[in-house]
Number of protein chains: 2
Amino acid sequence: MRPTPRVETFPANTPAASQIFTTVLSQGPLTRLEVARRTALSPAAVTKAVKPLIEAGYLVEDAADEARPALGRPANPVRVDGGRALFLGVKVTGDEIIGVLTDLCCRTRGARRAPLADRAPQPVLTAIADVVAELLSQANELGVGVHGVGVAVSGDVDRAEGVVRYSPFLNWRDVPLAELASLTVGLPVTVDNDVRALTVAEQWFGAGVGLSDFAVVTVGAGIGCGLVVHGRVVAGAHGVAGEIGHVTVDPAGPPCHCGNRGCVEAIAGEEAIVRQVREATGVEVRDAAEAVTLAHRGVPGVREVYARAGEAIGRGIATVANLLGPERVIISGEGLAAYDLFAEQIRDTLTAAAFGSAAQCDVQTRPLPFEEWARGAAATAIQSFITPDDPHPSR
Amino acid sequence: MRPTPRVETFPANTPAASQIFTTVLSQGPLTRLEVARRTALSPAAVTKAVKPLIEAGYLVEDAADEARPALGRPANPVRVDGGRALFLGVKVTGDEIIGVLTDLCCRTRGARRAPLADRAPQPVLTAIADVVAELLSQANELGVGVHGVGVAVSGDVDRAEGVVRYSPFLNWRDVPLAELASLTVGLPVTVDNDVRALTVAEQWFGAGVGLSDFAVVTVGAGIGCGLVVHGRVVAGAHGVAGEIGHVTVDPAGPPCHCGNRGCVEAIAGEEAIVRQVREATGVEVRDAAEAVTLAHRGVPGVREVYARAGEAIGRGIATVANLLGPERVIISGEGLAAYDLFAEQIRDTLTAAAFGSAAQCDVQTRPLPFEEWARGAAATAIQSFITPDDPHPSR
DNA sequence: CCCCTTCTTTTCCCTCGTCAATAAAAGAAG
DNA sequence: CTTCTTTTATTGACGAGGGAAAAGAAGGGG
């Protein structure tokens, strides 16, 4: 049993209350009647559940709706008071710790980054503690308590147990990060995979609100994918899921670090793009930003590299669409800076390669400031606060 | 509202009762205490739910366990009385109607096939009615009532509404098959996609019992895939899901009828194999059986065709494993007759192409008599009988 | 014959959510 | 200005469903 530090606990104990709160949280101000409709509960149940939540300050009566219909008693919308509680989200990358301070509605209230010299668990913990301490002092200025910390790590993470099973990037195995960090920072800590955390943020606070089946595709150094099926984030039986980056796109393609050839990541990952641009132009391109510049400058051969990358990503998304039939695909990640360079290819390839009505799935892109990853971590902390027993809550 | 004919209805009204019954149904004879453990309910709740089910004859006390431990009151296992109710399953193919009679435990009690001359809805309905009538007379001899009919059709099927949205094979669009068939046969009818139906059978009565995440891959004329995620069969937001057959394996591969190149089905589907064997040998091979014979006879080039097919299937499965991380993959279908010809390739490719621990997923094969498809349909009827309101019940 | 162990049942209780009736807050109608 | 209509919110009685605890049942062992 991981020690749970003594902090305020959320006053919604019944499943119905959590469901009602979550609905209001992600679907904005809603009248009680509207909540009842969306949760398939009776209006009476909503009233009863809402009352203690208002008393505890988590919900507030919203200003009456301007565009109210002429007839009947005016509706009395309710919304979550974001300022009632604060949360921290921390993203651990190979060389940096990125932290954000968010409110209960997962709006960013502060941010902090710190370089990471050593990737071993202890130094990482220390670095996390530093970032957390700084953010806590920011929180202090706001005069609101921090109710939980979420940590996002790439790799195989067991959120229920709070253990990092295996992170190739950090070279960790079976590190009980939640427990360790919780002892260090004195707050409840939730640990989850980074892409899943981002997916949680979209599910509760982003473009996935109200959807029971969607996918988040991240384009950057790696190509990742978070899946929501039946309203729940997919975690995979063995900790692996959403590895769209290692879907084979062309068995004769370039070798991938995973040992295969022609993975999406081996064609459209940042490193792969830089390499291909270098090969195509002879210019000693250093990073993705330089490659994008070359492309925009019209250097011959560079656009073709991005076109191929777009095709690879499109095929990866088409595969997801064929297998799961999501309602929407949300494309995100640092690589979106170059989105104009492959948008068309992604769309075209998806349309061509998706089977039947799978091609109908809506594709959205969202710009991703780097703090977004940390915000995802905060979203998992918010989930854990609201539904402490459910390791992978549904919509 | 589809008319529901007057028949006996299942006496488990509460969610807990359904859950308890389902657990006993698929997990064999269980003591009440064991049921309580597996459903996370209290022993008292189990006793209360079991009583009316025994009174109604759906559950029976099993013979006491032989290998009982020396201590304490002997356990009193309970099991489902399969003979208490009968169901029909009907699979509609392009040229044939296949029907089975099963008991409540989905054990086959009879079978009937009838050729299909015309694929239009009306002739198909007539043919279904004929097969159903014959099976009903078989049921009559058993002296047990038939409580529902399941119909499995390939294509985009909306089970909740009982409508075949689009079936390319039959060239149907928006046919309200459940309603029509129900009127014709005078019994409740459930309509579902064929691969999903097969998946349901595995989930409740086969190799998927107790698993919350697994995949069923069917190898035959087409290559299909049923997915169970979070304990529920995946249906897809637009009716498409599990289209593993149209996952691209080699963008430079042979053209597929779907318009792309190098789909799994274009390499490993029955038609594709026959074509490739013909090309490789010059022999005028007619069907898959002949191709298998040639392969076993050692005709040069034929085994290579199967090897390529196995590789394609393996890549498809690896893709599923990478994206969803299932606990198990169940390979099934008529094409299994040639399983020895590609077993090795499937395994090897899966191991190589799966990312990280995704390769750990267990792969099982099950021989598939053709009635199995119809049995899947019966399984959906059993589900509908037990949980009438839930179109896609969980474990 | 009594005790011990384990499974099952009973009894009581409590929680949660629905139902139905009521209150509340407007504008509309007269 | 009063009364009616319409819609939203609240209240309180009721009941179903499941849990806790204790008793009962069915053996074996001392």
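Just so we're on the same page: letters track the sequence lines, and every chain starts at 1.
- The CZ atom of Arg32(A) sits 19 Å away from the P atom of dT7(D) (whole-angstrom rounding).
- Atom P of nucleotide dT8(C) and atom CD1 of Ile20(B) are separated by 13 Å, given to the nearest angstrom.
- Counting non-hydrogen atoms under 4.0 angstrom, Leu33(A) reaches the backbone sugars and phosphates but no base.
- Where Ala44(A) and Leu41(B) meet DNA chain D, the nucleotide closest to each residue was compared, and Ala44(A) sits on the side nearer the 5' end.
- Applying the Watson-Crick and G-U wobble criteria (two distances, each under 3.5 Å), dA29(C) pairs with dT2(D).
- When heavy atoms are screened at a 4.0 angstrom cut-off, Thr14(B) is found touching the sugar-phosphate backbone but no base atom.
- Glu34(A) has its CD atom 12 Å from the C1' atom of dT8(D), to the nearest Å.
- Whole-Å rounding puts the Asp62(A) CG to dT8(D) C1' distance at 16 Å.
- Note that CD1 of Ile330(B) is 4.5 Å distant from CD of Glu202(B), once rounded to the nearest 0.5 Å.
- Remark: Asp390(A) engages Arg232(A) in a salt bridge, criterion side-chain N to carboxylate O under 4.0 Å.
- Within the 4.5 Å cutoff, no side-chain heavy atoms of Leu59(B) are placed close to those of Asp81(B).
- Looking at heavy-atom distances under 4.0 Å, Lys48(B) makes contact with a base.
- In summary, Glu34(B) and Arg38(B) engage in a salt bridge, as defined by a charged side-chain N under 4.0 Å from a carboxylate O.
- In this structure, the CG atom of Leu53(A) is 13 Å from the P atom of dT10(D), given to the nearest Å.
- The side chain of Lys51(B) lies closest to dT10(C) when the candidates are dG19(D), dT10(C), dT6(C).
- In this structure, the CG atom of Leu71(B) is 10 Å from the P atom of dC7(C), given to the nearest Å.
- Ring-plane geometry between Tyr58(A) and Phe385(A) is classed as tilted, the angle between the planes lying from 30 to 60 degrees on a 0 to 90 degree scale.
- Side chain Arg73(A) to base dT7(D): no donor-acceptor pair is found below 3.5 Å.
- Protein atom CZ of Arg37(A) is 11 Å distant from nucleotide atom P of dT7(D), rounded to whole Å.
- Residue Ala75(B) has its side chain nearest to dT8(C) when only dT8(D), dT8(C), dT6(D) are considered.
- Comparing dG17(C), dA26(C), dT5(C) against the side chain of Ala16(A) picks out dG17(C) as the nearest.
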